Amino acid sequence: MKKLEGSNLIVVSVDHGYGNMKTANFCFPTGVKVWDTEPTFGNDVLYNDGKYYTIGAGHKEYISDKADDLDFYLLTLAAIARELNTENIHTAEIILAAGLPLTWVGEQKEEFKKYLLKN
């Protein structure tokens, strides 16, 4: 994570791996478990659109298109939150630096960009 001087812009880099999500300061398992109610026990819980998600729980099955379900979007939100939390930042404009394997860039680049920037 890098804060751009003189602005509220923060660059957050996220590597969307199948085994782990990686940022400048964190590495956590690429796994998501959904709950209808808030889990009794648990850290790393993300609340989104009326549901609770335990981040880093289990291991995500391989899918050829990372935008096929909501998991990588949720994992990206969690990665950004973890990075902002290192500096106790609660509000910021984010520049998200994300990538795909070179063999997928031609096919999936625009779809993945829309997927990550949908909200």
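Heavy-atom basis, side chains included; hydrogens, waters and symmetry copies ignored. Since this is a predicted model, take the numbers as computed values, not measurements.
Interatomic distance, CD1 of I94 versus CG of N8, reported as 8.5 Å (0.5 Å rounding).
Under the side chain to side chain donor-acceptor pair (under 3.5 Å) criterion, N88 pairs with H90, sequence neighbours left out. Residues that satisfy the side-chain contact (heavy atoms from CB on, under 4.5 Å) test with K3, not counting sequence neighbours, are I10. For Y47, the side-chain contact (heavy atoms from CB on, under 4.5 Å) partners at least two apart in sequence or on another chain are Y52. In this view, K22 and D15 satisfy the salt bridge (Lys or Arg N to Asp or Glu O under 4.0 Å) rule, not counting sequence neighbours. Among residues two or more places apart in sequence or in another chain, the side-chain contact (heavy atoms from CB on, under 4.5 Å) test is passed with K33 by W35, T54, A57. Evaluation of the side-chain contact (heavy atoms from CB on, under 4.5 Å) rule for K109 yields V105 as partners, not counting sequence neighbours. For D36, the salt bridge (Lys or Arg N to Asp or Glu O under 4.0 Å) partners two or more places apart in sequence, or in a different chain, are K51. Applying the side chain to side chain donor-acceptor pair (under 3.5 Å) test to T30 and every residue at least two apart in sequence or in another chain returns nothing. Partners of F28 by ring pair (Phe, Tyr, Trp, His ring centres under 6.0 Å), not counting sequence neighbours: none found.
With side-chain heavy atoms closer than 4.5 Å counting as contact, directly or through intermediates, the hydrophobic cluster containing L4 also holds L9, V11, I95.
Within the structure, salt bridge (charged side-chain N to carboxylate O under 4.0 Å, His left out) pairs that include any residue of residues 76-95 comprise D44-R82 (at least two apart or interchain). Applying the side chain to side chain donor-acceptor pair (under 3.5 Å) test to every pair with at least one member in residues 67-78, sequence neighbours left out, gives these pairs: H16-T76, K60-D69, K60-D71, Y73-N119.
Aromatic ring orientation, Y18 versus Y62: tilted (interplanar angle from 30° to 60°).
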